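What follows is one structure encoded as structure tokens, with my remarks underneath.
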2 protein chains.
Amino acid sequence: MAAGRPPTMRDVAAHAGVSVSTVSRVVNAERYVDAATREKVEASVAALGFLRNESARTLRPGQRTATVALVVEDLTNPFSAELAHGVELVAAAAGYVVLLLSTGRDAAGERDEVREQEIVAELLRRRVDGVLVVPGADDAAGRYAALAERAPVVFVDRLPRGVRGDVVLLDNAGGSRRLTGWLVDRGHRRIAYVGGDRRSGPGAKRYSGFRAALKAVGVPEHRELLRFGRRSSEEARTATGELLALPDPPTAVFCDNNRMTVGALLAVHRAGADVVVAGFDHVELAEVLVDRVALVTYDPVDVGRRAAGLLVERLAGADVAPRKITVPVELAEFGNR
Amino acid sequence: MAAGRPPTMRDVAAHAGVSVSTVSRVVNAERYVDAATREKVEASVAALGFLRNESARTLRPGQRTATVALVVEDLTNPFSAELAHGVELVAAAAGYVVLLLSTGRDAAGERDEVREQEIVAELLRRRVDGVLVVPGADDAAGRYAALAERAPVVFVDRLPRGVRGDVVLLDNAGGSRRLTGWLVDRGHRRIAYVGGDRRSGPGAKRYSGFRAALKAVGVPEHRELLRFGRRSSEEARTATGELLALPDPPTAVFCDNNRMTVGALLAVHRAGADVVVAGFDHVELAEVLVDRVALVTYDPVDVGRRAAGLLVERLAGADVAPRKITVPVELAEFGNR
DNA sequence: CTGAAAGCGCTTACAG
DNA sequence: CTGAAAGCGCTTACAG
């Protein structure tokens, strides 16, 4: 398991009978190396199983670590996982390796700011070339500003206030508007809303799209049908159950994200209620659960690919103003009825 | 964005009026530093925003990179994603950072051995302290042997032939046996099998558990009811559809993994067939789709935690024979009937 | 085309 | 308790 120290360029040089500089040139595929010399060195590299120590290379000023970091809250979320996959694809193709860090939540479900600070310091210590962040909140400015000063940062899904950086967002407001419009077009007037945080980030945009769509056609928003701050599918199920039990229940439920949709689907299915479920994010098997479902979907892998693309461009020297990409979303309709 | 070179220990030393050695001692929290000196240095560290260059530290022989790598085939798979989360939790707690690499598959769905070789080389170049691998095949020996010689490797989900290393497996055979037994106990005699590769890895164990359970109670295996080599839920759905259309259809379908289960659930649901679905892996909402379902479940996050735990122990110096952990699985039963 | 030498930012014996 | 010096494994001007 511990097989001595790995061979160094010095070992290769000795083996090939050349200088260390020459080995370096060969390893770096530089020009101006005699073909015969090159072959000799390559033979020694192979014979010794030499692999250049990247830490040593990196030490020289101007040298890159060829490392990018991806900071997410929780990889358990399918959005983050697929995003990470897209990031890895593009990063690897461009010669970067991905460092994965999750910020997590503390026991109370609150953001762990100490951990976030520590992550930022760690990335700085490791001199990563660039960072992709899916921020947990809009107020992360202070935390990521120090990072953004030293390395390009691309934000995904939300842009913290006051930080400079490229950003990749979903068309949250537009998607919500279309989804709500779809319900209204089908005659729904009492539409419930089950969601998480309505104050910031994607949740805020989704709620604003919902309101805008209702307002545009003069359909009233019923305050008693709005449920915010739900964090899990269980909480969404309970909330939806309560809504269905109302004297004048909704005819449709708008769900803010996939956990909300899962909860709502369960509640509607169990109640055997004649209610349409409309949700943001893809939910597997949704269509067979409830008579009629509409979902706003998009490809998280693509979000990751685009975000990594922006970062790679920055690292390649694109010296332009911060850019913003809005990934389009699609409305998919399912149902037996 | 590019704010000059970051401060070095030399800058801190000058600022604090001490030597570089002293700065190093303070930064490394060594003893034998005068309290006043320490404070002075800490003040300078803070003033300059010094963060020790980890590449430079690493260069010294015997110094660790505090980096572990996780190699998976595809993070899109929820198993890998949750596993990665478990790994990250334990690694971070132990002071390691996680490098994420996916091997992927080529266009034809075949393993990309060149990419795997390149990943191994990359990890060696970066001098990672240890590696967690979810191998794509049993014959990966040659590929990971070079790695295992230089750094501890923990294999997850399958152990390639001929490689030394710790391994964390699921109780595949046991889970399959119980699941099959559950079906037999309920009177099923014509049980279909829909699965992927039956030759190696988890698939082989699951199939052998299935056979063993049938054999134990003298229930015959019906060759016309076995479908292997299915790779997606679509392929599983088609296969299940065919099985249901047989003149003498099965009364239950055993599914090898979650994609198979999703496909089978859809097929049974659409056909309105009175068939029980039994599957390995958790499937969200499975219970509301089909009248009766049994699933073998486990916690992939826990698998990741345990694998990372083994690795961290190795890195802490545990010099013991290769260890094997088998993560238990649970049988969960759902249904309206 | 090739080599000797300096230097990247740290850590670590070795003195004191 | 503190500092001067050597050295980790590379890269890169500078000569030749």
Side-chain angles (χ1 to χ4, degrees), chain A residues 4-42 44-45 48-67 121-122 124-129 150, chain B residues 4-42 44-45 48-67 121-122 124-129 150:
Chain A
R5 218 175 288 311
T8 68
M9 277 198 181
R10 189 131 68 105
D11 300 326
V12 175
H15 187 274
V18 300
S19 75
V20 170
S21 330
T22 298
V23 175
S24 175
R25 292 194 187 98
V26 171
V27 169
N28 287 295
E30 283 175 27
R31 283 169 306 179
Y32 308 127
V33 180
D34 183 80
T37 309
R38 179 182 302 282
E39 276 178 36
K40 218 167 38 178
V41 172
E42 280 168 351
S44 299
V45 164
L48 301 180
F50 170 76
L51 287 166
R52 189 232 265 129
N53 182 326
E54 291 299 301
S55 295
R57 180 186 58 70
T58 293
L59 206 47
R60 214 96 221 292
Q63 288 275 352
R64 298 242 171 115
T65 55
T67 307
E122 185 67 41
L124 255 13
R125 279 193 292 263
R126 289 180 182 254
R127 306 291 194 261
V128 297
D129 296 328
R150 296 238 154 253
Chain B
R5 217 175 289 311
T8 68
M9 277 197 181
R10 186 130 70 103
D11 301 326
V12 175
H15 188 273
V18 299
S19 75
V20 171
S21 329
T22 299
V23 176
S24 175
R25 291 192 188 99
V26 171
V27 169
N28 287 296
E30 283 175 27
R31 283 170 306 180
Y32 307 128
V33 179
D34 183 81
T37 309
R38 179 182 302 282
E39 275 178 35
K40 218 166 40 176
V41 172
E42 280 169 352
S44 298
V45 164
L48 300 181
F50 170 76
L51 288 166
R52 189 231 266 129
N53 182 327
E54 292 297 301
S55 295
R57 180 187 57 70
T58 293
L59 204 48
R60 214 98 222 293
Q63 289 276 351
R64 297 243 169 114
T65 55
T67 307
E122 185 67 40
L124 256 12
R125 279 194 291 264
R126 289 180 182 254
R127 307 289 194 262
V128 298
D129 296 327
R150 295 238 155 254

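Naming: A, B, ... by sequence-line order, numbering from 1 per chain. These figures come from a predicted structure and were not determined experimentally.
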* Asked: So, is A:Ser24 close to the D:dC10 phosphate, meaning a side-chain N or O under 4.0 Å from OP1 or OP2?
  -> no
- Quick one: is A:Arg38 getting a side-chain N or O under 4.0 Å of the C:dC1 phosphate, OP1 or OP2? no
The correct set of residues in residues 58-67 of chain A placing a heavy atom under 4.0 Å from DNA chain C is A:Leu59, A:Arg60, A:Pro61
(Q) Is there a side-chain contact (heavy atoms from CB on, under 4.5 Å) between A:Lys40 and A:Ser44? Walk through the geometry before answering. (A) CA-CA 6 Å; A:Lys40 218 167 38 178; A:Ser44 299; 5.6 Å; no
* **No-hydrogen, no-angle side-chain donor-acceptor test under 3.5 Å, A:Arg126 and B:Thr67** => yes
- Message: Tell me if a side-chain donor or acceptor on B:Asp34 pairs with a main-chain N or O of B:Ala36 at a distance below 3.5 Å.
- Response: yes
Walking DNA chain C from its 5' end, the first of B:Arg25 and A:Arg25 to be reached, judged by nearest nucleotide, is A:Arg25
Can you tell if the side chain of A:Pro61 reaches within under 4.5 Å of the side chain of B:Arg5, non-hydrogen atoms only? yes
By nearest-heavy-atom nucleotide on DNA chain D, the more 5' of B:Ser21 and B:Ala56 is B:Ser21
Next item on the list: Flag yes if more than 12 heavy atoms outside B:Arg64 fall under 6.0 Å of its CZ atom; otherwise flag no.
Entry: yes
**Study point:** Derivation and outcome, side-chain contact (heavy atoms from CB on, under 4.5 Å), residues B:Val41 and B:Val12
**Key:** CA-CA 7 Å; B:Val41 172; B:Val12 175; 4.3 Å; yes
Spacing between [X] atom [atom1] and [N] atom [atom2], to the nearest angstrom:
X	N	atom1	atom2	value
B:Glu30	D:dG3	CD	C1'	14 Å
B:Arg5	C:dG9	CZ	C1'	11 Å
A:Glu39	C:dT2	CD	P	12 Å
A:Met9	C:dG3	CE	C1'	15 Å
A:Arg10	D:dC8	CZ	P	6 Å
A:Lys40	C:dT2	NZ	P	8 Å
A:Glu54	D:dC8	CD	P	19 Å
A:Asp11	D:dC8	CG	C1'	13 Å

Among [options], which nucleotide has an atom closest to any side-chain atom of [X]?
X	options	answer
A:Val18	C:dC8, C:dG3, D:dG3	C:dG3
B:Val20	C:dT2, D:dC10, C:dT11	C:dT11
A:Thr37	C:dT11, D:dT11, C:dC1	C:dC1
B:Arg127	D:dC1, C:dC10, D:dC10	D:dC10
B:Ser19	C:dG3, D:dA4, C:dT11	D:dA4
B:Asn28	D:dT2, C:dT11, C:dT2	C:dT11

Minimal heavy-atom distance between B:Val33 and B:Thr37, with the atoms involved, is CG1-CB, 4.2 Å
Across all chains, not counting sequence neighbours, the side-chain hydrogen bond (donor to acceptor under 3.5 Å, both in side chains) partners of A:Arg57 are A:Glu54, A:Gln63
Full working for side-chain contact (heavy atoms from CB on, under 4.5 Å) between A:Asn53 and B:Leu59:
CA-CA 9 Å; A:Asn53 182 326; B:Leu59 204 48; 4.2 Å; yes
With both pairing distances under 3.5 angstrom for Watson-Crick or G-U wobble, and | for a partner in another strand, the correct string for DNA chain D is |||.||||||||.|||
- Please lay out, stage by stage, how A:Val26 and A:Val45 fare under the test side-chain contact (heavy atoms from CB on, under 4.5 Å). CA-CA 10 Å; A:Val26 171; A:Val45 164; 5.7 Å; no
